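Here is the structure we will look at, set down as structure tokens.
Just the heavy atoms: all of them, side chains too, but no hydrogens, waters or symmetry mates, feed the values below. All figures in this text were calculated on a predicted structure; none of them were measured in a lab.
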Amino acid sequence: MTHIVIIGAGLGGMAGAYELRDTLGKDVQITVVNERDTYQFVPSNPWIAVGWRKRPDISFPAAPYLAKKYIDFIAQRVDKIDPAANSVQLADGQSLSYDYLVIATGPKLSFAEVPGAGPHDGHTQSVCTLDHAEQSYADFQALLKNPGPVIVGAMPMASCFGPAYEYAFILETALRRAKMRDRVPMTYVSSEPYIGHLGLGGVGDSKSMLESELRNRHIKWITNAKVTKVEAGKMFVDEVNDQGVLVKQHELPFVHSMMLPAFKGVDAVAAVEGLCNPRGFVLVDKHQRSPKFPNIFSAGVCVAIPPVEQTPVPTGTPKTGYMIESMWTAICHNIQADLTGGEPEAVGTWNALCLADMGDTGAAFLAVPQIPPRNVTWFAKGKWVHWAKIGFEKYFLYKMKNGSSEPFYEKYILKMIGMNRLKEGLPPKSE
């Protein structure tokens, strides 16, 4: 029996496993390997960080729900991938053989690139994992007892800016509700060349709309910002101009700071010669397949995508939820084609539909495709987005527990606004 191993049970990995089962039927064995035994809905982490959600609200044991779809689950870290032997080595010494491997690990959080950064041995918080978000909540509670300056933003080489904006606005709302906002100066510090760049060269009116929201909430900002080091209660930032020339050095005091780190590929994946780019992200062709190893596919944040444009301070390109889902649909169709003696033909659209909560309002954008030039670009904000984000959280958790990858009503509603997972013709650019 054909054995497909998926590394990672995150936002894309678990949904992808369900879609593989739906596409290929019961005649293949599917095994999901994940270092944790739970599924965690990462987009809700900013709410965790201010106490608006608790761990049981956004996580659940993965194995029982995958088992309903006859999908095996192993809660172990992958320590080594051996493409020559078609096997992966797990942390407990177990070895798994595969016919096809799908890498969906997400990123390695590279806090070490900025001395003093990170929640473990550093001085900044994170919302990148559930554990980090819970630690950030503890730091938020300390802020309420000892109010002072706050810094939120993203380090150089960060590639997912949405959660930084979300957390800044959610934190600001939480402080207002606690009647503490007037005692907490806030600054948004980002490697983006301008507010609303998002690693995407902007989306519609994202620049003016997000600048307006920051002004209305009395949040100052520094862009083209290179954080050089962090000490207890102080962040050192080099601000450069559009030519990358240093124009000002900042020493910013803080009581609480949440800074998104640079992303890299996880160690076991990055160690495979010829599989990844220099930062450890998986190189794929337009069919999500490794050019060197034809039976290895990859989807999600771990995929190598070049920046949409050169920026004075390096920024990566985000991989958003619907974009990742389109990668998975292409993978499912291409593995099916390979199994039946055909050639992979499916290409993901890499479209993006994003909902960002702002505490009491929200922002939404549609980019078709996500990487410019685009056929459709749209950005809007309003209270409806706040409620839509809450609804999406409940809906996606329901899908993961129900084993649904793309219910028919979701497919046809999105199709009405021009959102399709697969495309015809030339693919988006990839490395």
Distance in Å, Ile74 CD1 paired with Leu90 CG, rounded so as to fall on 0.5 Å steps
5.5 Å
Checking the side chain of Thr23 only, and the main-chain atoms of Leu20 only, is there a donor and an acceptor separated by less than 3.5 Å?
no
So does Asp205 get a backbone contact from the side chain of Ser208, meaning a donor-acceptor N/O pair under 3.5 Å?
yes
Within the side chain of Gln135, is there an N or O that forms a donor-acceptor pair under 3.5 Å with the backbone of Pro119?
yes
Taking the side chain as every heavy atom from C-beta outward, state whether Phe41 and Arg53 have any pair of such atoms under 4.5 Å apart.
no
Keeping the roles fixed (side chain from Ser190, backbone from Ile195), state whether a donor-acceptor pair exists under 3.5 Å.
no
Can you label the angle between the Tyr100 ring and the Phe297 ring as parallel, tilted or perpendicular, going by 30° and 60°?
tilted
Going by heavy atoms in the side chains, are Leu397 and Phe60 under 4.5 Å from each other?
yes
Just wondering, are more than 12 heavy atoms of other shown residues or ligands nearer than 6.0 Å to CZ in Arg55?
yes
Would you call Val50 and Arg177 a side-chain contact if the rule is heavy atoms closer than 4.5 Å?
no
Is there a donor-acceptor pair closer than 3.5 Å between any side-chain N or O of Lys69 and the backbone N or O of Arg21?
no
Tell me if a side-chain donor or acceptor on Gln89 pairs with a main-chain N or O of Gly93 at a distance below 3.5 Å.
yes
Look only at the side chain of Thr173 and the backbone of Phe169, and say whether a donor-acceptor pair between them is shorter than 3.5 Å.
yes
Kindly indicate whether the side chain of Met258, heavy atoms from C-beta on, has any atom under 4.5 Å from the side chain of Pro163.
no
Looking at Thr124 and Gly118, would you say the former's side chain and the latter's main chain have a donor-acceptor pair under 3.5 Å?
yes
Under 4.5 Å between any side-chain heavy atoms of Phe254 and His123, yes or no?
yes
Sub-3.5 Å donor-acceptor pair from the side chain of Glu239 to the main-chain atoms of Val247, do we have one?
no
So Met186 and Leu175, do their side chains get closer than 4.5 Å, heavy atoms only?
yes
When you measure from the centre of the six-membered ring of Tyr18, is the NZ or CZ of Lys399 under 6.0 Å away and within 45° of the axis?
no
Could you tell me whether a side-chain N or O of Asn351 sits under 3.5 Å from a main-chain N or O of Asn420, the two making a donor and an acceptor?
yes
Asp242 and Asn224: side-chain donor and acceptor closer than 3.5 Å?
yes
Between CG on residue Asp57 and CH2 on residue Trp52, distance to nearest 0.5 Å:
14.0 Å
For the atom pair CH2 (Trp328) and OG (Ser298), what is the distance rounded to the nearest 0.5 Å?
8.5 Å
How about Glu192 and Thr315: does a side-chain donor come under 3.5 Å of a side-chain acceptor?
no
So do Ile296 and Pro83 actually touch side chain to side chain, heavy atoms under 4.5 Å?
yes
Do you see a donor-acceptor pair shorter than 3.5 Å between the side chains of His256 and Gln125?
no
Report the distance from atom SG of Cys160 to atom CZ of Phe263, rounding to the nearest 0.5 Å.
5.5 Å
